[in-house]
Each structure stands twice: as structure tokens, then as C-alpha cells.
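Throughout, protein chains are lettered first and strands after them, A, B, ... in sequence-line order, and every chain is numbered starting at 1. Remember, it's a predicted structure, so these values are computed and weren't measured experimentally.
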There are 4 protein chains.
Amino acid sequence: MSNVKGPDHSRRKERSRQAILAATRALVAEEPYEKITVEAIAARAGVGKQTIYRRWPSKSAVVFAAFLALSEDGEDGRSVALPDTGDIEADLKLVMRATVEEFADPSFDRMIRALTTEIAVDAALAAEYREKLARPLAEAKKARLRSAQAAGQLDPAADLDLVLEVLYAPLFQRWLHRGGPLTTAYADALVDATLRAFGPGRR
Amino acid sequence: MSNVKGPDHSRRKERSRQAILAATRALVAEEPYEKITVEAIAARAGVGKQTIYRRWPSKSAVVFAAFLALSEDGEDGRSVALPDTGDIEADLKLVMRATVEEFADPSFDRMIRALTTEIAVDAALAAEYREKLARPLAEAKKARLRSAQAAGQLDPAADLDLVLEVLYAPLFQRWLHRGGPLTTAYADALVDATLRAFGPGRR
Amino acid sequence: MSNVKGPDHSRRKERSRQAILAATRALVAEEPYEKITVEAIAARAGVGKQTIYRRWPSKSAVVFAAFLALSEDGEDGRSVALPDTGDIEADLKLVMRATVEEFADPSFDRMIRALTTEIAVDAALAAEYREKLARPLAEAKKARLRSAQAAGQLDPAADLDLVLEVLYAPLFQRWLHRGGPLTTAYADALVDATLRAFGPGRR
Amino acid sequence: MSNVKGPDHSRRKERSRQAILAATRALVAEEPYEKITVEAIAARAGVGKQTIYRRWPSKSAVVFAAFLALSEDGEDGRSVALPDTGDIEADLKLVMRATVEEFADPSFDRMIRALTTEIAVDAALAAEYREKLARPLAEAKKARLRSAQAAGQLDPAADLDLVLEVLYAPLFQRWLHRGGPLTTAYADALVDATLRAFGPGRR
DNA sequence: GCATAAACGAGACGGTACGTCGGGTCTTCCA
DNA sequence: TGGAAGACCCGACGTACCGTCTCGTTTATGC
């Protein structure tokens with residue numbers, strides 16, 4: 001009665017698409033980025049090259065789509081909420097320490113480097129990245145910061161985008177340039193500095 | 001007294017080396033990075049490919065060497081000193097605004113993106129980058145920060161590497177991800193935030 | 001009694017079949033043979049590729065079928081009778097000159113080259129060619145030669161297959177290898193030589 | 001003093017060239033023509049595809065060059081002289097029987113079919129074929145025929161090109177179309193017919 | 001006279017080979 | 001003897017077709 005056409009009425013299409021993205025993720029995780037080739041992805045996915053080129057214009061786009069698909073799996077929204085214990089310092093340190101840990105995973109490291117390389121070079125991809133990946137995450141974080149503002153733990157006039165940059169960009173840059181060890185202490189130090197810069201009654 | 005080595009025994013060597021680096025810089029400035037090929041560099045420099053591979057192990061290394069040579073031109077050290085008017089806030093804002101302006105130059109933009117891409121992917125190059133390019137610059141900046149500490153304008157206990165990261169990383173990340181406009185106001189805001197975080201009597 | 005199967009119980013079938021063969025003939029006539037693709041035939045015929053593969057096993061077979069259909073149009077047999085004025089020399093020269101003229105038509109030229117290529121390479125097709133195209137034609141010609149034998153204009157012991165080969169093969173080879181101009185005089189010379197070789201009282 | 005440049009002053013070039021031609025001949029002899037690919041030739045020759053494309057514009061050209069090289073091996077001319085015992089009939093039957101035998105060799109068969117296919121379709125190749133392969137052979141044969149004319153065994157007014165066609169084309173056509181068995185008797189019959197057509201005192 | 005299954009057009013699919021590009025190596029020849 | 005020139009091997013590129021495989025959508029009966 002219901003579902004006459006079905007949501008997946010084109011199964012072959014979808015199967016090959018998933019195979020391609022999965023193969024891409026696997027390769028990105030295990031190979032240095034410059035060794036990833038469309039041919040390798042196709043072979044690993046058991047797919048013809050044309051099937052890839054029919055859907056995406058370039059290797060970058062496939063790699064990026066693989067990331068997108070990854071983060072879209074935790075689908076309907078709330079997978080990206082931050083903890084809110086009422087203590088902004090504790091909550092941020094938790095999150096920053098978790099981030100530090102993520103970067104320590106070699107296959108995550110390779111994946112993010114691949115993504116960063118693509119984004120650095122291709123403005124269109126960068127726009128899509130900001131829209132589909134970065135912004136939703138930033139919004140979740142800003143929600144937590146707004147809650148801190150309401151609780152009087154953060155300057156109510158603070159530019160939250162700037163706050164996030166001051167908090168995260170040093171970590172990102174140190175990781176990208178391999179400029180030093182990413183430790184728990186470093187994560188804490190960033191939270192402390194950020195709260196000193198944007199804490200209450202500072203302006 | 002001068003003329004330490006052989007008189008002209010290796011003039012040809014040096015000429016071709018300079019030609020290669022100049023050609024590389026020219027290409028990096030005018031083409032998107034992925035279009036740069038060793039063949040193009042050799043052609044532009046009027047040099048055989050082997051002459052390039054005799055000196056550098058890979059395309060990345062050539063590109064990187066071109067950057068190195070660029071910054072080594074202002075040779076004997078003092079080209080990288082920061083202004084010191086006694087007012088740290090004013091001095092930093094001056095420097096940050098200048099940085100913002102540099103990034104606005106399209107050919108500088110292309111060059112730094114190329115450099116960043118190489119560094120992100122190749123750990124050995126990243127180490128050389130830190131050693132030969134990043135550290136000398138950081139040292140010059142830290143010298144200015146130490147002067148500010150001595151003048152009581154900065155927390156004497158502040159970790160200066162961290163200060164620099166909080167100051168520069170947000171700018172770098174916003175540029176790299178094209179996350180927003182790089183304005184004078186933004187430069188100032190970063191300086192303000194940094195000084196709030198690491199100003200005197202804050203710890 | 002008649003109409004056992006119904007003349008048009010599959011009109012769609014027949015229409016698409018004709019469209020495919022017509023498209024094939026058109027392409028063969030206007031393109032060099034190596035550019036002919038099943039995809040092009042299907043597109044030109046307004047037909048799905050599967051409709052072609054449902055009927056024929058290979059491109060060669062389609063091309064060949066297009067020829068067959070062409071010569072089957074002059075249907076019920078007698079379209080291939082040769083003139084018989086009682087003068088074998090005159091009749092053969094007439095026929096040979098007509099053949100020379102056919103080869104001069106560029107689109108006929110392309111078609112026969114395509115056919116020859118297929119046949120040269122595929123033994124099964126060659127067998128079908130001999131059976132369905134070459135033999136009926138050869139029989140018609142041999143009928144005329146037998147009439148000449150009866151009239152005492154040709155050695156009654158002559159091997160008529162050999163006579164036909166001596167008559168036609170030089171023309172065919174000269175055309176295939178582009179070994180020289182195909183003229184009326186050449187046609188006549190072949191008839192003359194053949195009649196000298198197989199004329200009456202020669203053995 | 002002598003040999004300033006040397007005939008082989010580019011050894012690498014020549015080595016790879018020979019490897020390509022040898023690999024092509026091997027493949028042509030053992031595979032049906034349509035299965036021969038440039039990739040297979042390159043792989044077999046231990047050579048990059050580019051090295052093939054640098055020298056020849058198409059697969060056809062390589063295949064053809066392989067034939068050319070083959071017949072150029074018996075270099076300085078006299079490898080193509082025909083026997084001359086003074087008896088034209090005996091000599092021609094000898095040669096025709098040898099030709100019949102050649103066509104019976106499967107790998108020779110494949111090679112000539114490949115060559116014929118190329119030539120049928122590509123006019124430029126056909127011209128080169130006539131010039132470099134067919135004509136020298138035809139000249140050798142015509143030399144023998146002229147000797148027969150001088151000996152009064154052949155019509156002195158006969159068009160020798162036509163004689164050769166009448167002699168060879170039927171054999172070639174029967175082989176190409178697989179129109180019947182190629183036997184010793186058939187070879188003899190062709191010689192007989194030809195000599196009846198162009199024997200002395202016939203015109 | 002309407003339902004239904006075969007055949008259809010369209011075109012995506014897994015593949016193979018194409019002809020090109022560029023990386024990094026090796027050879028030749030000139031200055 | 002070192003460098004310009006460029007051929008070489010290799011491997012990936014992105015494209016063209018192959019022959020197969022779904023897809024809905026006609027039609028042309030057969031219930």
C-alpha cells in the first residue's frame with residue numbers, strides 16, 4: 001500500500017556509489033594522499049573508472065564526497081551537539097582533548113591531510129567544505145558558547161567565530177605543520193588562553 | 001681576502017641553479033599549483049631536466065628550495081627584525097595588518113598555498129620548513145615579545161610559542177580555508193584578543 | 001492457407017530491424033569503416049543497443065546483414081541474370097565495364113571495403129558471404145558462360161569457377177590494393193585475356 | 001677516418017625499435033588481428049607505449065612497419081630473384097606452388113590477413129605497401145617474364161602487369177575469401193590459363 | 001476492451017584499450 | 001667534463017566503446 005516506488009528504487013546505482021566511497025575512505029586512511037589514484041579507487045570498489053567520472057569531475061571531488069558521506073551517516077542532526085555541564089571551561093577542555101586524540105590516530109591524520117590539501121587548492125571544494133562540514137560543526141560549538149554567555153561565563157559581546165578560531169586554529173596549525181606535540185596540556189592551555197581573552201568583564 | 005673558493009670554476013653551476021629557482025618562482029606565482037611540472041620549470045629555465053634532478057630529489061623539493069632562496073636573499077640576518085616602538089599593541093597591529101595585505105596578493109596567495117600543500121603532505125619538507133623558514137621568523141617575533149615582557153606589557157610567564165600561535169593561527173586558518181574576509185579590523189581583533197589573553201597580571 | 005504467421009504480427013520488431021539496417025548502410029557509406037560503432041548505429045537508428053545485440057552477435061554481423069538485406073531487396077531471384085545477346089565477348093565487356101563503374105562510386109567503395117575487411121578476418125562470415133552473396137551471383141554468371149559454351153564460344157571443358165576468377169579477381173585485387181586505375185580499357189583487356197585463355201579449341 | 005657518425009650511433013633507439021617490431025611480428029603471428037593492441041606490443045617489447053607513439057601514428061603503421069622490416073632483412077636486393085631455367089611454364093609453376101604453400105602456414109596466413117586488412121582501409125598505407133613491398137616483388141617477376149618474352153615463350157606485346165594479375169589475383173582472392181582449396185593443381189591451372197592467354201602468337 | 005507480458009529506448013554498468021601527460025632515469029652530443 | 005636536449009620506462013590520466021544489465025514505457029495481443 002505504502003511506498004509504491006520505494007526510496008531506493010535504483011539499487012545498482014546506490015550500491016556502486018557506496019562501494020566507491022567506501023573504497024576511497026579505505027585508501028585515504030591507509031595510503032599517503034599522493035598515491036591515491038582514480039584507477040586504484042575503481043579497482044578497489046570493483047567498478048569501472050567511467051562510473052566514477054560519471055558522478056564526480058575529479059579525484060578531489062570523490063575524496064571530498066567520501067568525507068561528506070562519512071559525516072552524513074550520523075544523520076538527523078543531533079550527532080554534533082557538545083556537552084553542556086554548565087561549566088564552560090571543563091566542557092571545552094573535554095572537547096579539545098578529544099580533538100587532540102583524534103589527530104593522534106594515523107589514519108584520521110592521513111584523511112584530514114588529504115581533505116586539507118584538496119581544500120587548500122580548490123576554492124569550490126573549500127566552499128562546499130565550509131557549507132556542509134565546517135559550518136554545522138561551528139554552529140554546534142557556538143550554541144555551547146552562547147549558553148556560556150547566558151551563564152555569564154563568556155563576554156556577551158564576544159564574536160563567537162573569532163572565539164572558535166582562537167580556540168581551534170592554533171591546534172590545527174600545529175598539527176598541520178607538525179610544529180610540536182599535541183598534548184592534553186596544550187589543549188588545556190588553549191582553553192585557558194581563550195577564556196582569558198573572552199571571559200566575562202574583559203572588554 | 002674575498003674569493004674564498006675557485007674563481008669561476010662553478011659559475012655555470014650557479015647560473016643554472018638560479019635560473020631554475022627563478023623559473024620555479026615565476027611558475028608558482030602565475031599558475032595553480034597542480035599545473036607546475038618539472039618539465040615546465042626546465043623549459044622555462046632553459047635547462048635540462050637532469051640538471052634539476054641532479055640537485056633536488058623531487059618536484060616538491062625544488063618548489064621548496066625556491067621559497068628558501070627567496071627568503072635567504074635578505075641575507076645576513078636582520079631583514080627579519082620587527083619594529084619596536086615600545087608600544088607592543090601598535091607594533092603587533094602594524095605587523096598583522098602587513099600580513100593581511102600580503103595574503104591579498106594573488107601571486108603570494110598561490111605561492112603560499114603551494115608551499116602549504118607540500119608541507120602538509122611531506123613530513124621531511126615540513127621539518128625543513130620549520131627549521132629554515134618558520135623558526136627564524138618566529139625567533140624574530142619572540143624577540144619583540146620578550147622586549148614587551150621586559151616592558152611589563154606582557155605576562156612574563158607567557159609561553160611565547162603559544163602567544164604566536166594564538167596571534168597568527170586564526171589568520172592563517174581563515175586564509176587557508178577561505179573562511180572569511182581578511183581585514184584590518186580582523187588583524188586588530190586578533191592582536192586585542194591575544195593581549196587580553198597574555199597581557200600583564202592575568203595569571 | 002496463406003498467412004500462416006500473420007504478416008505483421010510483429011510490426012515494431014520489423015520497423016526497428018529496418019531502421020538498424022538502414023542506419024548501418026548509411027554509416028558504412030559515409031564513414032571510414034573503423035569509425036562505425038554499435039553505439040553510433042543504435043543512435044542513428046533511434047534504437048537501444050540491446051535491440052541490436054538481441055538480433056546479431058557482433059558488429060560484423062550487423063554490417064554483413066545490412067549488405068544481405070540490400071541484395072535481397074531485388075527479391076525473387078531473377079534480378080541477377082546477365083544479359084545474353086549471343087555474343088559472349090560483348091556481354092562480358094558490358095558487365096565488366098558496369099563493375100568498374102560501381103567501384104568508382106565512393107560510397108560503394110567504402111561499403112565493399114567494409115565488407116571485405118569483415119570477411120577477411122572472420123571465417124564464419126566469409127562462409128555466409130560465399131553462400132548468400134557470392135554464390136548466387138557466380139551461378140548467374142556461370143549460366144551465361146554455359147550458354148557461351150553451348151554456342152561454341154567457350155571451351156566446353158573449361159572450369160567455370162576458374163574462368164570467373166581469371167575474369168574478376170584481377171579487377172578486385174587492383175581495386176583492393178589501389179594498384180592502378182580501373183578503366184574501360186582495363187575491363188576489356190580482362191575479357192580479352194579470359195577469352196584467349198578459355199576460348200574454343202584451345203585445349 | 002671512416003665512419004665518422006657511425007651507422008648505429010644511437011644504439012638505445014635502435015634496440016627499442018627492433019624490440020617493438022619483433023614483438024609486433026610475434027603477436028601478429030600468434031593472435032587474430034583484432035586482438036593485437038598497442039599495449040600488448042609495448043608490454044611484450046618491454047617498452048613504454050609512448051615510445052611506440054613517438055615513432056608511429058597508429059597501430060596499423062606499426063604492424064606495417066613490422067612487415068617492412070621483415071622483408072628488408074634480406075637486404076641488398078637479390079633475395080627476390082626468380083628461378084630462370086629457360087622454361088617459363090616450369091618456373092612459374094614452381095613459384096606458384098611455393099606461394100600456395102606459404103598461404104597454408106597458419107601464422108603466415110594471419111600475418112597476411114592483418115596486412116591486407118590494414119591496406120584495404122588506409123590508402124596511405126596502401127601506397128607505401130605498393131612502393132616498398134609489392135613493386136620490388138613485381139619487378140623481379142616481370143624480369144623473369146621479360147626473359148620469357150625474349151625466349152619467344154610469351155607474347156612480346158603483353159602487358160606484364162596484367163599478366164601478373166591474371167596469374168596471381170585468382171589465387172589471392174580464393175585465399176582471401178576462402179573460396180576453395182589452394183592446391184598444387186590449382187596453381188598449375190593458373191599458370192596454364194595465363195600462358196594460354198599471353199603465350200606467343202596469340203595476338 | 002482492458003490487463004499484461006514481451007519487446008523496446010534509454011542509458012548506466014564493469015571492463016579494456018585508447019592516445020596523452022608527466023615523473024624520474026639514462027644516453028648522446030656539444031661547448 | 002658537465003650540462004642541454006630529449007628519448008626512455010612507467011603508470012595514471014580521462015575518453016570511447018564494448019557487451020551486459022536494469023530501468024520505466026509502449027504496443028498488440030489474448031484473457
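- Comparing Ala40(B) and Ala42(A) by the nucleotide of DNA chain E whose heavy atom lies nearest to each, the residue mapping closer to the 5' end is Ala42(A).
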Original post:
Which is it for Tyr129(B) and Leu68(B) under the side chain to side chain contact (heavy atoms under 4.5 Å, CB included) test, yes or no, and what are the steps along the way?
Top reply: CA-CA 8 Å; Tyr129(B) 162 77; Leu68(B) 263 189; over 6 Å; no

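- Although no hydrogens or angles enter the test, the distance criterion places a donor-acceptor pair under 3.5 Å between the side chain of Lys59(C) and the main chain of Ile36(C).
- With hydrogens and angles ignored, a donor-acceptor pair under 3.5 angstrom links the side chain of Gln50(C) to the base of dC21(F).
- Here Tyr53(B) does not reach the OP1 or OP2 of dT25(E): none of its side-chain N or O atoms lies under 4.0 Å away.
- Salt-bridge annotation for Lys132(B) and Glu128(B): present, with a side-chain N of the basic residue lying under 4.0 Å from a carboxylate O of the acidic one.
- Contact annotation for Arg55(C): backbone-only contact, meaning every heavy-atom pair under 4.0 Å involves sugar-phosphate atoms and none involves a base.
- Between Glu30(D) and Lys35(D), no side-chain nitrogen of the basic residue sits less than 4.0 Å from a carboxylate oxygen of the acidic one, so the salt-bridge criterion is not met.
- Note on Arg113(A) versus Glu34(A): no salt bridge recorded, every NZ/NE/NH1/NH2 to OD/OE distance being 4.0 Å or above.
- Base engagement by Lys49(B) is indicated by at least one non-hydrogen atom pair under 4.0 Å involving a base atom.
- Between Ser16(D) and dC8(F) there is a side-chain N or O to OP1 or OP2 distance below 4.0 Å.
- Remark: Arg54(D) is in phosphate contact with dC8(F), judged by side-chain N or O atoms under 4.0 Å from OP1 or OP2.
- Axis angle across the helix from dG1(E)-dC31(F) to dA31(E)-dT1(F), with five pairs used at each end and values rounded to 10°: 10°.
- A salt bridge is defined here as a Lys NZ or Arg NE, NH1 or NH2 lying under 4.0 Å from an Asp or Glu carboxylate O, and Glu31(A) with Arg110(A) fails to meet this definition.
- The nearest heavy atom of DNA chain E to Thr37(B) and to Ala45(C) marks one nucleotide each, and the one closer to the 5' end goes with Ala45(C).
- Within 3.5 Å, no donor on the side chain of Glu39(C) pairs with an acceptor on the base of dC18(F), nor the reverse.
- Taking only side-chain nitrogens and oxygens, Thr51(A) never comes nearer than 4.0 Å to OP1 or OP2 of dA12(E).
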